[in-house]
Protein chains: 2
Amino acid sequence: MESTAYTKRLLTYRLSLSHLKEVGLTDVFSYLIAGETGISAALVRKDLAQLKVKGKRRGGYEIDVILDAINNYFGDNTINRVVLAGMGNIGRAIVNYKNFENRRIKIVAAFDLDPAKQRKKYDVPVYPMEKCPDIVDKYRVNVAVIAVPAFSAQTVCDRLIQCGIRGIMNFAPVNLKVPDHVYISNVRLCDELQQVIYHSTKTNQ
Amino acid sequence: MESTAYTKRLLTYRLSLSHLKEVGLTDVFSYLIAGETGISAALVRKDLAQLKVKGKRRGGYEIDVILDAINNYFGDNTINRVVLAGMGNIGRAIVNYKNFENRRIKIVAAFDLDPAKQRKKYDVPVYPMEKCPDIVDKYRVNVAVIAVPAFSAQTVCDRLIQCGIRGIMNFAPVNLKVPDHVYISNVRLCDELQQVIYHSTKTNQ
DNA sequence: GGTATATTGTGACAATTTTCACAATTTAAA
DNA sequence: TTTAAATTGTGAAAATTGTCACAATATACC
Ligand SMILES: NC(=O)c1ccc[n+]([C@@H]2O[C@H](COP(=O)([O-])OP(=O)(O)OC[C@H]3O[C@@H](n4cnc5c(N)ncnc54)[C@H](O)[C@@H]3O)[C@@H](O)[C@H]2O)c1
Ligand SMILES: NC(=O)c1ccc[n+]([C@@H]2O[C@H](COP(=O)([O-])OP(=O)(O)OC[C@H]3O[C@@H](n4cnc5c(N)ncnc54)[C@H](O)[C@@H]3O)[C@@H](O)[C@H]2O)c1
């Protein structure tokens with residue numbers, strides 16, 4: 001029903017509103033959010049209406065009410081457990097990242113085929129891929145991050161899905177094939193950077 | 001004129017086509033690209049038409065012709081120099097990443113305020129931020145990656161723009177304010193993961 | 001050479017998304 | 001208490017994006 005564009009906008013609102021709140025505001029007008037996010041004021045209002053957040057005519061919206069609604073929308077009241085495949089450069093960055101906790105996201109385990117990485121102490125335990133079924137089952141994990149090299153991404157992906165994973169954030173530059181019930185988000189850092197390069201050289205001058 | 005959705009699809013095609021080429025194919029049909037990328041065959045054909053790539057009725061498209069057209073579209077004939085701000089977890093991953101070279105992208109320098117990082121040997125030299133004007137000027141850099149903590153992102157951003165940067169890939173969870181002529185791409189890893197969690201728990205069962 | 005078949009290329013259409021514009025309503029001020 | 005000003009909420013219009021369906025045409029096969 002809700003488009004992913006909508007979902008994405010909600011997260012953008014949350015970011016700006018958290019910031020405005022830290023700065024000391026308690027209420028906002030739609031045009032203020034618009035200025036902060038680059039999303040038009042009318043669309044902000046439509047989104048808030050869809051979220052069932054009510055504003056006061058002439059008084060604006062309460063930041064906390066919006067934030068609660070967004071957090072509630074994303075089900076931040078439960079802890080979301082995630083596993084990681086590939087404890088390389090990207091994998092380590094993810095595992096070291098402290099901010100996931102604020103979102104109630106917890107990386108419970110990582111998998112890597114390199115035995116050296118399994119022995120080393122990171123913020124999360126590193127297992128061989130064979131442990132995947134056990135771990136996913138034990139912690140009731142739904143979501144995985146794939147940060148293995150491109151050539152093994154599909155294999156790892158298949159395996160994760162076999163263990164019951166239903167959502168994947170994928171860093172490997174491949175178009176993974178997955179069954180319908182699995183949601184995939186591809187983070188294409190190369191493509192992203194290439195787009196920036198493209199658009200910044202096309203811009204005036 | 002061209003939407004960013006279109007530009008993004010081109011990069012998706014490139015990924016799949018490179019793969020199909022490696023596998024030994026030389027020609028493709030629109031429905032093959034569709035199957036590989038999840039983009040509908042009709043839209044693939046429209047995109048290729050817009051790219052001015054001609055297919056043969058009943059014969060399909062030549063992979064190399066498409067790849068050349070896409071590469072040409074993105075101006076891959078020149079080397080694109082990029083600087084990085086923030087040599088932390090993400091910054092190191094970016095700098096270590098070998099694949100950028102294939103896209104003719106070169107990270108020429110990094111900036112970090114930590115003197116320890118400046119002394120250490122990485123694949124690219126690390127300078128204090130003060131060196132920014134010199135470096136950007138010397139290497140004629142247009143594009144930057146921001147991988148500093150959120151609270152210093154806006155400052156770093158302003159500084160980069162002052163030095164002449166016109167495109168930014170930003171990892172910090174803030175809505176940066178930039179002048180119109182600067183193109184920004186926000187890589188919101190937290191949001192991305194949150195969306196995966198959201199969509200994967202909403203999917204049937 | 002003729003016919004059947006497969007695939008492109010595209011105009012018309014459908015759906016979705018966003019903007020526009022303004023009535024409804026609240027608040028502040030006079 | 002009245003009036004003026006500000007802002008939401010939302011239907012209608014516009015814009016954008018993608019799908020459908022099929023004519024055009026190239027190829028393969030008989
Ligand atoms: N680093 C970047 O900036 C960057 C940018 C764009 C894309 N990527 C992509 O992200 C992915 C990860 O990149 P990286 O730089 O962290 O790579 P990396 O080589 O540093 O790490 C990969 C890790 O995966 C492990 N691994 C390999 N095969 C495995 C398997 N079958 N099962 C489990 N673990 C396995 C390796 O032992 C290694 O620890 C790659 O696909 C890369 O193309 C990375
Ligand atoms: N690591 C992740 O998985 C992850 C996920 C989502 C978002 N992010 C965001 O990406 C950014 C980088 O994350 P990270 O994990 O690499 O952080 P990090 O703390 O590992 O690295 C930040 C680096 O920036 C440097 N720095 C700080 N202030 C600076 C300044 N003013 N000028 C120049 N350099 C400065 C620090 O010395 C450090 O080396 C952060 O904004 C973070 O919120 C990271």
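The chains referred to below are lettered A, B, ... by the order of the sequence lines, with proteins before strands, and numbering in each begins at 1. Computed over heavy atoms, backbone and side chain alike; hydrogens, waters and symmetry mates excluded.
- Rounding to whole angstrom units, CD of residue Gln50(A) and P of dT8(D) are separated by 18 Å.
- Across all strands shown, Tyr6(A) has no heavy atoms under 4.0 Å from either base or sugar-phosphate atoms.
- The CG atom of Leu48(B) sits 15 Å away from the P atom of dT7(C) (whole-angstrom rounding).
- Glu192(A) places no side-chain N or O within donor-acceptor distance of the main-chain N or O of Val187(A), the cut-off being under 3.5 Å.
- Going from atom CG of Leu43(A) over to atom P of dA13(D) covers 20 Å, rounded to whole Å.
- With respect to the salt-bridge test (charged N to carboxylate O, under 4.0 angstrom), the residues Asp123(A) and Lys98(A) qualify.
- Judged by closest nucleotide on DNA chain C, Arg9(A) is the one of Arg9(A) and Lys56(A) placed further toward the 5' end.
- Residue Asn71(A) is tested with Arg103(A), Arg104(A), Arg14(A) for a side-chain hydrogen bond (donor to acceptor under 3.5 Å, both in side chains); the sole match is Arg14(A).
- If Gly59(A) and Ala42(A) are placed on DNA chain D by their nearest nucleotide, the residue sitting closer to the 5' end is Gly59(A).
- Rounded to whole Å, atom C1' of dA26(D) lies 14 Å from atom CG of Asp27(B).
- Regarding contacts with the backbone of dG18(D), every side-chain N or O of Ser40(B) stays at 4.0 angstrom or more from both OP1 and OP2.
- A 4.5 Å side-chain heavy-atom check between Phe74(A) and Ile197(B) finds every atom pair outside the cut-off.
- dG9(C) atom P lies 12 Å from atom CG of Leu51(B), rounded to whole Å.
- For Arg45(A) and dA6(D), the CZ to P distance is 15 Å, given to the nearest whole Å.
- For dT27(D), the base has a donor-acceptor partner in the side chain of Arg58(B) [N/O atoms by modelled type, under 3.5 angstrom].
- For Arg57(B) and dT27(D), the CZ to P distance is 12 Å, given to the nearest whole Å.
- Taking atom OH on Tyr61(B) and atom P on dA26(D), their separation rounds to 14 Å, with Å as the unit.
- Between Tyr198(B) and Tyr73(A), the distance from one ring center to the other falls under 6.0 angstrom.
- Using a 4.0 Å heavy-atom criterion, one finds that Lys46(B) contacts the bases of the nucleic acid, with or without backbone contacts as well.
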